[in-house]
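Down below is the structure, laid out as structure tokens.
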Amino acid sequence: MSDNDVMIKNEADSSSAQSGDNVKKGKRYQGYDLEKTTKSRSGRKRPWFWKVLGISLCLTALIILGVCGYIFRSNKKMTDYISKINDANTMEKLLADHKNVQITCDYSHLAEGEDYKTTRFVKMAKDGDFYSYYKIEGSEEDYKEVIHHKTMYRYDEKFVQNYGLLEGDYENICVADIEGNVFQAAGTEKIQNEKESGNFIKIEATYEVQDGDMYTSLFGFDVGTQIEKSITMDKDSLIVTAETESCDGEEFYSYTVGFDGEEKIPQFYQDLKKTEETRKCYVYYDYDGENEKKYTFDVLQDVYFNLLDHDGYKVYMDEDGIKEFTDYQMQVQNPEGSLTLYMIKDNE
């Protein structure tokens, strides 16, 4: 073999060796494809991504549920608390440990009319019924009222009127009015602050005016207006002894309760006890109707007879329903003679 042949063979062998190395390297790194590797890694990461996202959503849902649950429990707790306050504030419970109660309310910034004040004095009579003395001052219809022995008298500086009570008037109107003077929360107040001081608790709360409530009808507030309430009550009994209500820092209503004060019997009522002679007043309730009933009242002489309003009925002085018993007719009646009235259903 010549030298040239050796050189050629060596070059061939060298070329073959290099080619073999390349083949080996090709086999060693075979399958290392960047696109495939990237896809493989992306495929491995994707399940963790969805797991993390799912866990995050679950945690978020749990937090939302927790917040909603807390708000619900807080609202229920507040509602239950206000319900307990309302249950504790009835006239019977106010009188349970006291010989009498006096409730005073001041009204101002009314939608119509001037400021006025009401006072209700109540004690439990020996027969178990309420004795109530009520007066209203500052309004166009100022009067004094006494409810005793299931009889109602009113005095307006001109006439002493005996109101004949019919068909549950005592329970549904008289007692309801007496109880209605005692504090009752609306039930939707939001308590903002509560602080104890000695034997008392002071609560700061807000109330949002609702359509048709007294704040729209009496005071003329718009629906949605925020009312601030400051309530003071006994810590043990939850009896409210004072409350004020304001809007934009301006007070428009106050409520105060006094216990065991001097007994109040107005002069006009004391004078009635001196009268002995009576007259008869007759009332035909639902005259000529399915529920017709006759009432007979013994009315003191010089005391004018009257009736409370009954929805769906008008009062007449004749059975034909022609001469209506108006306020004027009440004033010109003969306070010494008998009187017959007919309550007839209004068909209008």
Side-chain angles (χ1 to χ4, degrees), residues 100-105 113-114 116-127 129-178 180-181 261-285 294-310 313-317 323-343:
N100 61 56
V101 171
Q102 179 172 303
I103 297 174
T104 303
C105 300
E114 301 294 330
Y116 69 92
K117 174 181 178 181
T118 66
T119 303
R120 173 82 72 177
F121 173 89
V122 183
K123 69 175 184 177
M124 192 67 74
K126 293 180 180 179
D127 57 8
D129 292 326
F130 291 123
Y131 163 83
S132 168
Y133 166 52
Y134 175 83
K135 67 177 179 179
I136 180 169
E137 303 169 280
S139 73
E140 294 182 359
E141 298 181 354
D142 287 2
Y143 62 85
K144 299 176 182 179
E145 173 190 273
V146 170
I147 299 173
H148 193 204
H149 296 314
K150 295 186 178 180
T151 304
M152 174 189 283
Y153 291 94
R154 284 183 182 173
Y155 175 54
D156 62 3
E157 304 297 335
K158 292 181 180 179
F159 304 94
V160 177
Q161 301 174 57
N162 178 353
Y163 279 78
L165 302 178
L166 320 168
E167 292 300 295
D169 282 348
Y170 176 74
E171 292 78 10
N172 300 331
I173 297 178
C174 297
V175 174
D177 284 348
I178 293 171
N181 278 116
E262 182 180 353
E263 187 168 338
K264 296 184 181 298
I265 302 178
Q267 187 60 47
F268 87 88
Y269 191 65
Q270 295 182 42
D271 292 340
L272 292 179
K273 296 180 180 180
K274 302 174 183 177
T275 306
E276 296 181 356
E277 296 182 357
T278 62
R279 63 191 180 107
K280 297 289 185 180
C281 291
Y282 306 98
V283 177
Y284 288 89
Y285 175 80
K294 181 181 178 181
Y295 290 83
T296 302
F297 298 93
D298 292 316
V299 181
L300 295 174
Q301 285 199 8
D302 295 328
V303 172
Y304 290 74
F305 186 73
N306 208 343
L307 295 172
L308 295 169
D309 291 335
H310 283 241
Y313 288 89
K314 285 186 177 181
V315 182
Y316 296 91
M317 300 183 70
K323 189 175 182 180
E324 190 173 349
F325 186 68
T326 62
D327 187 60
Y328 172 76
Q329 297 298 335
M330 183 280 297
Q331 296 178 22
V332 297
Q333 69 180 273
N334 179 4
E336 296 180 356
S338 63
L339 177 66
T340 301
L341 298 176
Y342 303 86
M343 293 187 67

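In this text the structure is predicted, and so the values were computed from the model without any measurement.
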> Sequence neighbours excluded, which residues qualify as salt bridge (charged side-chain N to carboxylate O under 4.0 Å, His left out) partners of Lys294?
Replying inline: none
>> So Tyr133 and Ile265, do their side chains get closer than 4.5 Å, heavy atoms only?
In response: no
> So do the side chains of Phe159 and Asn306 get within less than 4.5 Å of each other, counting heavy atoms only?
Replying inline: no
> Taking Arg120 for the side chain and Tyr134 for the main chain, is one N or O donor matched with an acceptor at less than 3.5 Å?
Replying inline: no
>> Distance check, rounded to the nearest 0.5 Å: Glu167 atom CD versus Asp169 atom CG?
In response: 8.0 Å
> Are Tyr313 and Tyr285 close enough that their ring centres sit under 6.0 Å apart?
Replying inline: yes
> Of the non-hydrogen atoms in Tyr304 and Met330, which two are nearest, and what is the gap between them?
Replying inline: CD2-O, 3.2 Å
>> What verdict does the side-chain contact (heavy atoms from CB on, under 4.5 Å) test give for Glu137 and Tyr116, after you've listed the backbone C-alpha separation in whole Å, the side-chain angles of each residue and the deciding distance to 0.1 Å?
In response: CA-CA 6 Å; Glu137 303 169 280; Tyr116 69 92; over 6 Å; no
>> Looking only at side-chain N and O atoms, does Tyr155 offer a donor or acceptor that is under 3.5 Å from a partner on Gln267?
In response: no
> At their closest point, which heavy atom of His148 faces which heavy atom of Ala125, and how far apart are they?
Replying inline: NE2-CB, 4.1 Å
>> Measuring centre to centre across the rings, with the benzene-like ring taken for any Trp, is Tyr342 within less than 6.0 Å of Tyr316?
In response: no
> For the atom pair CD1 (Ile147) and CG (Asp177), what is the distance rounded to the nearest 0.5 Å?
Replying inline: 6.5 Å
>> Going by the rule salt bridge (charged side-chain N to carboxylate O under 4.0 Å, His left out), which residues pair with Lys264 if we only count those two or more places apart in sequence or in a different chain?
In response: none
> Just wondering, do Gln333 and Phe325 contact through their side chains at under 4.5 Å, heavy atoms?
Replying inline: yes
>> Exactly one of Tyr295, Tyr284, Tyr282, Phe305 should register a side-chain contact (heavy atoms from CB on, under 4.5 Å) with Leu341. Which one does?
In response: Phe305
>> Please evaluate residues Glu141 and Asp156 with respect to the criterion side-chain contact (heavy atoms from CB on, under 4.5 Å), reporting the C-alpha separation (whole Å), side-chain torsions for both, the decisive distance (0.1 Å), and the verdict.
In response: CA-CA 8 Å; Glu141 298 181 354; Asp156 62 3; over 6 Å; no
> Can you tell if the side chain of Glu145 reaches within under 4.5 Å of the side chain of Met152, non-hydrogen atoms only?
Replying inline: yes
> Just how far is it from atom CG of Leu308 to atom CD1 of Ile173, taken to the nearest 0.5 Å?
Replying inline: 5.0 Å
> What distance do Lys158 atom NZ and Gln331 atom CD have between them, rounded to the nearest 0.5 Å?
Replying inline: 6.5 Å
> Of the non-hydrogen atoms in Ile178 and Ser132, which two are nearest, and what is the gap between them?
Replying inline: CD1-CB, 3.7 Å
> Quick one: are Glu171 and Lys150 in side-chain contact, heavy atoms under 4.5 Å?
Replying inline: yes
> In Å, rounded to the nearest 0.5 Å, how long is the span from CG of Leu307 to SG of Cys281?
Replying inline: 9.0 Å
>> Go through it in stages, so that I can follow the logic: the residues are Thr119 and Gln102, the test is side-chain contact (heavy atoms from CB on, under 4.5 Å), and I'd like the CA-CA distance, side-chain angles, deciding distance and then a yes or no.
In response: CA-CA 7 Å; Thr119 303; Gln102 179 172 303; 3.8 Å; yes
>> Would you say that Tyr153 contacts Phe268 through its side chain, given a criterion of any heavy-atom pair below 4.5 Å between the two side chains?
In response: yes
> More than 12 heavy atoms of other residues, nucleotides or ligands under 6.0 Å from CG of Asn334: is that the case?
Replying inline: yes
> When you measure from the side chain of Asn100 to the backbone N and O of Gly261, does any donor-acceptor pair fall under 3.5 Å?
Replying inline: yes
> Under 4.5 Å between any side-chain heavy atoms of Tyr269 and Val160, yes or no?
Replying inline: no
>> Taking Ser139's backbone N and O only, do any of them form a donor-acceptor pair with Asp142's side chain (distance below 3.5 Å, no angle check)?
In response: yes
>> A quick test of your reading: do over 12 heavy atoms of other residues, nucleotides or ligands sit less than 6.0 Å from CD of Glu277?
In response: no
>> Working to the nearest 0.5 angstrom, can you tell me the gap between Arg154 CZ and Ile136 CD1?
In response: 9.5 Å
> Are Glu114 and Glu140 side-chain neighbours, meaning at least one heavy-atom pair lies under 4.5 Å?
Replying inline: no
> How far apart are the C-alpha atoms of Tyr131 and Val146, what are their side-chain angles, what is the distance that settles it, and do they pass the side-chain contact (heavy atoms from CB on, under 4.5 Å) test?
Replying inline: CA-CA 7 Å; Tyr131 163 83; Val146 170; 3.8 Å; yes
> Which pair of non-hydrogen atoms, one from Asn162 and one from Thr151, has the smallest distance, and what is that distance?
Replying inline: OD1-CG2, 3.8 Å
Expected list for residues 296-303: side-chain donor-acceptor pairs under 3.5 angstrom, two or more places apart:
residue	atom	partner	partner atom	Å
Asp298	OD1	Lys280	NZ	2.5

